[in-house]
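Only heavy atoms go into these numbers, but all of them, side chains included; no hydrogens, no water, no symmetry mates. Below, read A as the first sequence line, B as the second, and so on, with proteins coming before strands; counting in each chain starts at 1.
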Amino acid sequence: MAKIIGETILQVENLQTELHTNIGVQRPVDGVSLSLRQGETLGIVGESGCGKSMTALSILGVVPKPAAQVVGGRVMFNGQDLRTFSEQQMRRIRGGSISMVLQDPQTSLNPVYTIGGQVTEAIALHRDVPRRSLMSHAIDALRQVRVAAPEQRVKDYPHQMSGGMKQRVSGAIAISCDPHVLIADEPTTALDVTIQSQYLRLLREIQEKTGLSIIFITHDFGIIANMCDTVAVMYAGRVVESGPVRAIFDEPRHPYTRALLNSVPTMDRHVKRLYSIPGQPPALWDRPAGCWYRNRCPFAEPRCETQYPPAIAAKNTAGSNHVANCWKLEDSTWITPKS
Amino acid sequence: MNNPPPEDTPAESLGVPAPPHLLRRIWLNLRSYPLLSVFVLLVLLVIPALTADWLAPHDPTQGVIMDRRLPPVFFGGTWEYPLGTDRLGRDILSRIMYGARVSLSISLVGIFVGGLLGVTLGLLAGYFRGWIDTIIMRLVEISLALPAILLALVLAAASGPSFQTIIIVVAFVLWALYARQVRGEVLSIRERDYVARARVAGASHFRIMVRHILPNVANTIIVLATLQVGSVIILEAALSFLGLGIPRPTPAWGMMVADGRQLIVSAWWISFFPGLAITLTVFSLNLLGDWLRDRLDPKLEIV
Amino acid sequence: LAQNNDRVVAVVTPPGAETNRSWAATSLWQSLGQSLEGLLEHDPITGEYNGDGLATSWEHNDDFTVWTFHLRKGVQFHFGYGEFTADDVVHSYNLSVSDASVIPGVDQLRGAEVEALDTYTVRFSYAKPRTNLLYLHGGHSIMLIYSKKQFDEEGLEGYDRRFAGTGHYQFVSREPGRVLYERVDDHYSGMVPDFKELEVRFVTEPATKLAMLLAGEAHIADLSRELMPDALSAGMKTVQSTLPSIQTDLVFNGLYCESHDDRCRKDLPWYDVRIREAINRAINREEMLTVLFPSGGYDLHARYTMVKGNEGYDPTLEARFPAEYGYDLEKVKQLLQDANYPDGFKDPTIPIIITPMSAMPEVPLQQEMVYQYLIQAGFKAKIVELDYARVRAMGRERELYMINPGRNSPPRPTEVAFRAFYTNPGGGLQGWEDDWTASHIETLISTVDPVLRDQQARELQNYLFEQYVDIPLFDGYTQVAINPKVVSGWAFPGVTSAGYGHWHLIQAAN
Amino acid sequence: MQRYLVYRVVQSLVTLLAISVIIFGLSRLSGNPVDALLPDNATPQEAAVVMHEWGLDRPLHVQYLAFIRNALRGNLGDSLKWPGETALGMVWQRLPATLQLGGFAIIISTLIAIPIGVLAAVNKGRLFDSFGKMVALLGQAVPPFWLGIVLIWTFSVHWNVFPTSGRGGFEHMVLPAIAMGWYQVAALMRLTRSSTLEVLDNEYIKLARLKGVPEWRVIWVHALRNAAIAPLTYFGVIIGYIFTGSVVIETVFAWPGTGLLAIEAIRARDYPVVQAVVLTFAVVFIIANLIVDILYAFVDPRIRYNDNEQSTP
Amino acid sequence: MDNTEILRFEGVKKHFPITKGVIFSRQAGQVHAVDGIDLALAHGQTLALVGESGCGKTTTARLALRLETPTDGRVMVDGEDVHQLQGAALKRYRTRVQAVFQDPWSSLNPRMRVRDIVAETLRVNFSLSRSEIEQRVAKVLLDVGLKPEQALNYPHEFSGGQRQRVAIASALISNPKMLILDEPVSALDVSIRSQIMNLLQDLQQQYGMTYLLVAHDLGTTRYMADWLAVMYLGRIVEYATVDSLFKEPRNPYTKALFSAALPDHPDKRREEIILTGEVPSPIDPPSGCSFHPRCPLKAGSICEQVEPKLKLAPGTKNHLVACHLY
Ligand SMILES: Nc1ncnc2c1ncn2[C@@H]1O[C@H](COP(=O)(O)OP(=O)(O)OP(=O)(O)O)[C@@H](O)[C@H]1O
Ligand SMILES: Nc1ncnc2c1ncn2[C@@H]1O[C@H](COP(=O)(O)OP(=O)(O)OP(=O)(O)O)[C@@H](O)[C@H]1O
Ligand SMILES: [Mg+2]
Ligand SMILES: [Mg+2]
């Protein structure tokens with residue numbers, strides 16, 4: 001696989017999103033920083049509810065209204081801070097320069113409009129295409145995602161297609177306006193393995209062809225291993241470790257990353273006993289003082305109880321962009337032991 | 001905040017502290033409407049219904065003819081009859097207090113009868129499906145296609161208007177709504193895994209329906225009932241208008257409004273106060289019902 | 001005439017049915033009396049039959065079995081259906097006594113041999129005396145005259161489309177809820193109505209009627225009496241019938257006590273004459289009437305059949321009335337004690353019927369007042385709401401054991417009233433029956449000598465009066481509200497089933 | 001679709017048959033027409049003559065079979081109260097008035113309720129939500145006849161802008177339609193609001209925003225059509241309420257429709273007309289629901305009444 | 001551990017009718033959810049069913065639970081036909097076979113306390129005293145790692161993993177011999193999954209239970225199961241011990257399925273077998289071998305005509321495969 005990775009295109013710095021709920025104000029995204037280069041695939045991995053989707057939505061400024069609100073940080077896209085953009089300008093970014101594919105193919109297409117209508121809508125919004133040729137552009141986009149007989153399919157409604165097909169249509173909508181960045185929020189969770197692998201392959205091909213940058217959100221390390229160049233591991237609203245994919249797999253520094261890797265059974269060999277992380281992830285409104293992982297961490301030390309660890313670079317083969325938020329990294333030889 | 005707020009977004013959601021101007025104060029008051037509703041309901045409906053015998057200043061059925069059509073106290077009347085008197089010199093306040101009892105009992109009994117029937121049939125239809133469902137849903141369709149008010153007219157023609165007639169009509173109107181709503185929910189609940197687990201545990205159909213399914217449609221039933229107390233009061237009023245209400249001289253709100261409607265110009269208070277009682281009560285009940293619905297299950301499609 | 005005199009709109013209570021077939025529904029006067037006429041015409045002031053109508057004169061033989069009517073010459077039916085003749089009378093008679101006929105008193109009308117003696121003379125021959133035949137041609141129950149020619153040409157459907165009559169107004173159109181008439185300019189009477197067009201609208205809801213009047217959409221409204229003050233204070237006026245048009249009696253139902261009748265309920269409280277008197281005396285009629293008739297227009301009356309000028313009219317009864325029927329709670333208490341009420345009765349509760357469906361908006365109020373008076377006087381009472389037809393069904397089955405507002409009807413000739421209310425075959429309204437009354441009515445019916453009849457009728461009335469057989473309340477006059485800007489007056493005697501009539505006499509303002 | 005229609009028609013006939021039995025029985029329970037249609041002092045002989053003329057002296061099952069036999073030929077008998085009219089003729093004469101008023105009431109209530117419902121959902125928990133709810137609920141809190149009378153007094157008598165009553169031009173419809181329709185507003189609004197809320201939660205709404213679709217288009221194009229599905233089913237029920245409402249509203253506004261006819265017929269025990277009114281209503285109800293079902297398929301492509309096709313799971 | 005058979009499927013079919021209409025309903029087709037399967041499972045073993053969505057795994061599990069009646073064939077538990085059971089035998093079966101379902105959110109009745117949820121089987125099948133029930137509930141809660149005090153809580157007060165523990169507790173309370181596990185961990189968070197898997201394994205060890213496990217994640221099956229049955233469109237296409245199957249899958253479908261599974265390290269790349277076409281509809285399954293339209297290794301026209309039977313793969317002792325290649 002030959003990929004050319006270029007300059008940083010999207011840089012998220014200390015993004016913070018607040019959520020007003022009955023319980024009070026919570027921060028599902030609490031200081032997330034990410035960086036994505038041209039042609040690169042960044043994987044965001046973490047358990048359910050750790051703020052992955054919210055991070056993506058915050059980048060695009062479409063957090064659920066009126067409960068949520070982005071309150072801090074910067075989103076630098078091609079050198080401009082998206083957070084200073086007007087709604088009008090943001091609309092041009094959304095679906096145009098940065099597009100997104102959502103998790104559930106069953107519900108992410110509007111059931112009452114045709115496939116063609118939904119693809120053309122995106123094109124009409126972002127590309128300067130005469131009305132008459134909108135449909136042919138839509139058909140092209142569908143062809144690009146390998147929808148068979150797209151000329152006929154454009155007249156179909158979502159319910160007339162299978163789940164995998166629908167997910168491809170979502171993909172067609174996302175790439176129809178030649179975006180620079182594609183955010184894929186668990187796009188394959190609802191698909192069968194065989195369909196999933198077809199879809200992932202398709203994404204890789206498109207990326208190779210167009211030099212697209214992808215943020216891939218998932219909770220599945222298999223997808224990360226298969227797709228990503230760099231990885232950010234999120235826990236309870238923050239990134240706890242990030243770095244090149246091999247470094248994360250081979251030399252995870254954060255105990256949480258290692259624990260996750262060890263708690264997933266593999267089909268490649270028989271494991272006698274899986275590691276299981278004790279306890280639950282903390283609730284958003286009930287995060288402990290100090291390191292938020294310390295209650296579940298076998299390596300917790302007294303200072304973990306008081307201070308949230310800063311991002312510390314891991315000195316290893318992967319270079320400087322492997323960092324983790326764990327006090328243990330102050331010991332530069334620290335690698336989380338296999339449990 | 002990237003999305004511009006819709007025009008009427010209150011200022012506070014923009015992060016700007018809003019001055020407590022009038023609109024906001026009203027809004028803050030309204031936000032507590034469940035309390036307000038409960039208060040109104042207690043004052044207008046429940047307390048009078050329970051205590052009319054002691055608190056009502058006058059006999060609700062016996063008037064003083066010479067005191068007929070007296071206006072309310074601040075409109076030229078006296079404290080003797082704070083809300084004025086009706087065409088027969090009966091105290092409107094006392095009649096409204098006793099009327100609360102009538103309205104409450106019609107609603108409660110009617111909803112109970114209709115609800116019991118509807119819930120039972122809806123439960124059976126949704127749980128067993130098949131031909132039982134077919135028959136019950138056909139009955140529902142028949143009942144919806146038969147206008148209740150005509151049934152009321154026919155019944156009243158046959159036996160005269162009475163408490164029982166009204167209950168039958170109310171039950172007839174309500175059961176189909178309950179049956180439809182409950183059936184729909186049961187259809188989805190019976191597919192839940194906990195129902196399957198109860199079957200795996202060996203629970204009988206009866207036990208599954210009563211212990212496992214019924215409690216889970218209880219929300220719907222409660223919300224539906226709250227919302228329907230209002231419609232029953234309005235229905236009673238409509239029946240009274242047609243001369244099919246609670247027999248005289250029992251004071252019923254609908255009957256009082258219907259009775260005073262002709263004198264809306266010269267003796268407006270005769271129909272205004274019972275009308276106000278109806279409106280406030282029904283309004284509060286609906287608010288409460290909506291609030292309950294939002295609380296219990298905001299997606300509940302109840303009409 | 002001024003612009004606003006082009007059309008007058010009257011809003012009235014709907015008739016029994018909106019139809020052009022007068023014989024097939026009751027109380028059609030509201031919708032047909034504008035253009036159809038009976039044989040006889042009433043004087044608008046005295047209400048007496050006069051020769052101004054289709055029949056100019058009439059006579060009968062000694063035993064009232066043969067009646068001969070002399071018809072007016074040169075009367076033209078509307079729309080050019082030719083001259084009115086004796087054939088039209090025969091034809092109309094046949095319509096009126098057909099099996100489908102529901103004309104009040106059709107039983108009395110039936111059984112005649114009707115012959116056209118010549119073009120302008122018609123003879124009715126009966127096997128039994130018909131002392132009150134004129135009432136069937138001119139009273140509130142009435143045979144109306146249709147054109148035979150139109151029938152021969154178009155059949156009944158022709159009538160349904162557009163019927164030809166002989167009145168001052170001719171039919172223009174009918175749609176649900178309204179009928180439109182237009183003036184006939186060459187009526188045989190030579191009289192020309194003020195208004196070119198007459199529109200009659202049918203509305204049930206009293207408040208809506210008042211609103212129509214006040215909004216100027218109607219100029220005449222037969223408002224319920226309670227609403228009259230509202231109309232007056234808004235600048236409207238009332239006009240009133242010259243004669244009482246309605247008599248209201250409450251009936252003690254259940255006294256079916258001829259000796260052969262096993263439905264006589266001797267256990268009813270009001271089987272006891274003292275209780276009947278007590279109930280009569282418990283009611284404060286004066287007070288009641290001021291409530292029911294805030295704009296006036298009523299007389300107290302003593303006995304249902306006691307209409308001035310009727311057979312058997314006894315002026316002394318009117319004088320005795322206050323003393324024997326008047327409001328007197330002391331006396332009531334005494335009577336109840338004497339009768340050992342309530343413990344002497346198995347079921348002392350006195351049920352009072354309200355028929356909310358009747359077209360009488362006053363009835364519920366009236367009955368509620370009676371209820372209150374009874375309670376105040378120490379009776380046990382309850383109100384029973386029943387549909388009007390249901391009450392009549394129970395009456396017909398003779399299962400009605402209650403106090404019935406029943407008689408809200410126009411005054412009738414004495415014999416007609418006796419037949420209807422105090423004899424077994426009278427229908428569903430009777431309350432009082434006993435052997436004495438039955439045999440005396442029988443005698444009256446077969447008597448043709450006027451002097452004897454008068455005496456018999458008087459005797460009957462005295463008996464009924466003393467037995468307190470019912471609860472007489474009042475004679476009411478028909479009142480309608482008019483908009484004085486459009487209508488200045490209207491003279492009518494109140495003898496039709498609608499109370500009003502003589503539409504051509506509606507006078508335009510200015 | 002065709003098979004579906006045939007199927008529905010057969011199904012409806014069964015319903016109609018059941019209704020005919022019910023209404024036949026009930027109307028006879030209600031009493032005898034001679035008690036209502038004959039004059040007060042009609043004698044038993046007169047009554048017997050008329051009963052025979054009307055065919056009411058035959059045994060009940062004979063009467064019912066005759067009724068059904070005639071009904072199948074489209075003849076529901078002759079009116080007893082309205083001489084010279086057939087029962088069906090009476091209904092047909094009055095039905096347009098009711099449909100006109102009811103249709104207008106439905107349109108008015110829809111035009112009020114749907115936007116309020118959508119906007120209330122969009123602004124859930126805000127001022128507009130409460131305000132819209134208040135307006136809508138007020139309609140359900142006032143007895144319609146009372147509202148009607150108040151409307152007449154205010155708009156006809158006091159301000160003289162609309163006629164008080166009767167059928168006529170457009171202006172005649174306004175007040176009765178409001179009196180009739182407002183009651184439905186709350187229900188419709190509630191439905192629209194809850195279904196909009198549900199729709200707004202959907203991923204495809206999020207996706208629309210992510211595509212850069214302007215907010216108004218997200219709501220009025222993407223959400224509304226989906227949100228309209230639930231209220232649409234309710235229209236079938238509204239038809240029922242409209243008819244019930246018409247009995248009261250037509251009385252207040254002297255609107256010569258089937259509601260008024262129904263009252264008069266029932267009071268007169270005019271069996272043929274009562275039967276005709278009820279059956280006509282049932283037919284209207286069934287047809288309306290059928291239309292709703294068909295509209296449904298237009299609004300929601302997932303629903304197809306195609307017998308052989310099975311949508312992919 | 002005794003090696004006698006506890007569960008047996010004999011030619012079991014389950015076809016769901018697709019009916020149209022309400023009054024005169026007629027059948028418009030059938031979903032061949034389970035289309036003739038034979039299986040046997042010994043005491044104390046774990047059998048995993050894998051396959052794509054809609055292939056009939058859940059239906060098979062529900063058949064064993066008597067939640068569906070088979071269209072054809074028999075399901076035997078301890079030598080008795082499950083669907084013929086009545087009276088005491090049925091009660092015995094109800095206590096011996098229990099289930100844990102996929103979705104911890106919908107498998108617990110939100111209106112019942114944990115105590116009542118857990119005790120349901122006891123209440124229905126035995127008449128025990130209140131205190132006895134409470135004791136047993138407390139014990140079983142401890143077994144699954146919950147605190148006995150939590151018995152009075154309602155399900156919404158628990159997290160997903162805890163809920164699944166409650167579900168397991170309620171399955172365990174009647175000391176069942178067999179648990180039917182329909183995707184017991186797939187709805188759980190990654191970090192919770194292994195807790196539950198380990199718990200299930202511990203309990204199996206402790207009580208010697210038999211598991212019928214439905215899963216679509218191959219890693220999970222490898223970790224949990226002794227036997228693996230691969231399903232495709234309502235049929236079993238391969239059936240073998242886990243070790244044998246993962247070492248060498250025989251059926252082309254199994255191969256494709258295995259190859260599509262994601263690697264556990266970026267450096268691993270599988271030889272991917274690319275399947276073309278969509279999964280056919282179970283309403284109208286293809287003739288012959290139902291996999292033939294997508295099969296990259298099609299043996300010839302026989303695949304289109306003859307339905308392959310499960311038979312011993314050459315050179316193995318207990319590796320069954322249904323494919324014309326063997
Ligand atoms: N509309 C909302 N209202 C209230 N809370 C919300 C809303 N959307 C998200 N949250 C909360 O915000 C937090 C982060 O949610 P988010 O969807 O980003 O998680 P995620 O990592 O994408 O999880 P998953 O893997 O389940 O998709 C969660 O705790 C969730 O409960
Ligand atoms: N009650 C039912 N009525 C009709 N069809 C059904 C029913 N239950 C299941 N099916 C169908 O039977 C087939 C097999 O369903 P089943 O639930 O057993 O699959 P599964 O393998 O468990 O799938 P998944 O992995 O998605 O849970 C599917 O096509 C399904 O749509
Ligand atoms: Mg997410
Ligand atoms: Mg399944």
Side-chain angles (χ1 to χ4, degrees), chain C residues 11 14 16-21 23-27 98-107 141 156-157 159-160 175-178 201-205 207-212 214-217 357 387-393 395-396 406-407 409 412 416 419-421 425-429, chain D residues 30-47 49-50 52-54 78-85 90 93-94 97 145 148-149 152-153 155-160 162-167 248 250-257 260-261 263-264 266-270:
Chain C
V11 52
E18 295 181 29
T19 176
N20 293 345
R21 304 185 187 182
W23 62 92
T26 56
S27 66
S98 65
D99 280 353
S101 171
V102 298
I103 290 181
V106 65
D107 218 25
S141 51
L156 284 179
E157 289 69 31
Y159 288 172
D160 291 338
E175 55 190 273
R178 70 173 87 196
R201 306 261 300 260
F202 304 117
V203 173
T204 326
E205 178 60 24
T208 308
K209 284 189 202 166
L210 177 58
M212 288 176 74
L214 300 194
E217 287 171 36
M357 285 182 179
D387 174 35
Y388 188 50
R390 177 84 198 134
V391 172
R392 287 178 51 193
R396 194 166 45 82
R407 279 188 223 140
S409 16
R412 307 157 204 239
V416 175
R419 273 172 189 272
F421 303 130
L429 290 173
Chain D
S30 70
N32 193 326
V34 300
D35 296 320
L37 293 176
L38 261 55
D40 286 353
N41 51 349
T43 61
Q45 294 87 309
E46 292 172 28
V49 171
V50 174
H52 181 74
E53 169 78 14
W54 288 339
D78 291 334
S79 165
L80 308 181
K81 179 180 158 100
W82 289 272
E85 303 277 356
M90 279 312 288
Q93 190 186 344
R94 308 288 192 102
F145 71 85
I149 290 172
I152 291 178
W153 277 99
F155 289 94
S156 305
V157 179
H158 201 259
W159 285 326
N160 220 333
F162 292 112
T164 55
S165 61
R167 195 176 169 210
V248 168
E250 288 178 6
T251 307
V252 172
F253 288 92
W255 185 270
L260 213 48
L261 178 71
I263 298 198
E264 291 177 30
I266 289 172
R267 287 183 181 167
R269 315 293 195 267
D270 188 346

When you look at D:E85 and C:R21, which way does the side-chain contact (heavy atoms from CB on, under 4.5 Å) test go after all the steps?
CA-CA 11 Å; D:E85 303 277 356; C:R21 304 185 187 182; over 6 Å; no
Where does C:F202 contact chain D at under 4.5 Å (heavy atoms): side chain, backbone, both or neither?
backbone
Less than 4.5 Å to any heavy atom of chain D: does that hold for the side chain of C:S101, its backbone, both, or neither?
backbone
So, for [X] and [Y], which heavy atoms are closest and what is the spacing to 0.1 Å?
X: D:E53; Y: C:D99; value: OE1-CB, 3.2 Å
X: D:D35; Y: C:A389; value: CB-O, 3.2 Å
X: C:V203; Y: D:A254; value: CG2-CB, 3.5 Å
X: D:R269; Y: C:R390; value: NH2-N, 3.6 Å
X: D:R167; Y: C:R178; value: O-NH2, 3.4 Å
X: D:Q93; Y: C:P176; value: NE2-CG, 3.5 Å

Considering only heavy atoms and a distance below 4.5 Å, find which of C:G177, C:A25, C:G16 pairs most often with chain D.
C:G16
If you count heavy-atom pairs within less than 4.5 Å of chain D, which of C:L156, C:V416, C:D160, C:V106 leads?
C:V106
Counting distance only, does the side-chain N/O of C:T208 pair as donor-acceptor with the main-chain N or O of D:V252 below 3.5 Å?
yes
Highest number of heavy-atom pairs under 4.5 Å with chain C: which of D:G148, D:P83, D:A268, D:P256?
D:P83
If we define contacts as heavy-atom pairs under 4.5 Å, which of D:W153, D:F253, D:F145, D:W54 has the most with chain C?
D:W153
Starting at [atom1] of [X], measure out to [atom2] of [Y] and round the result to the nearest 0.5 Å.
X: C:E217; Y: D:N160; atom1: CD; atom2: CG; answer: 7.5 Å
X: D:I149; Y: C:L210; atom1: CD1; atom2: CG; answer: 11.0 Å
X: C:T204; Y: D:L260; atom1: OG1; atom2: CG; answer: 5.5 Å

With heavy-atom distances below 4.5 Å as the criterion, would you say the side chains of C:E18 and D:M90 are in contact?
no
Between C:E205 and D:S165, does the side-chain contact (heavy atoms from CB on, under 4.5 Å) criterion hold? Intermediate values first, please.
CA-CA 11 Å; C:E205 178 60 24; D:S165 61; over 6 Å; no
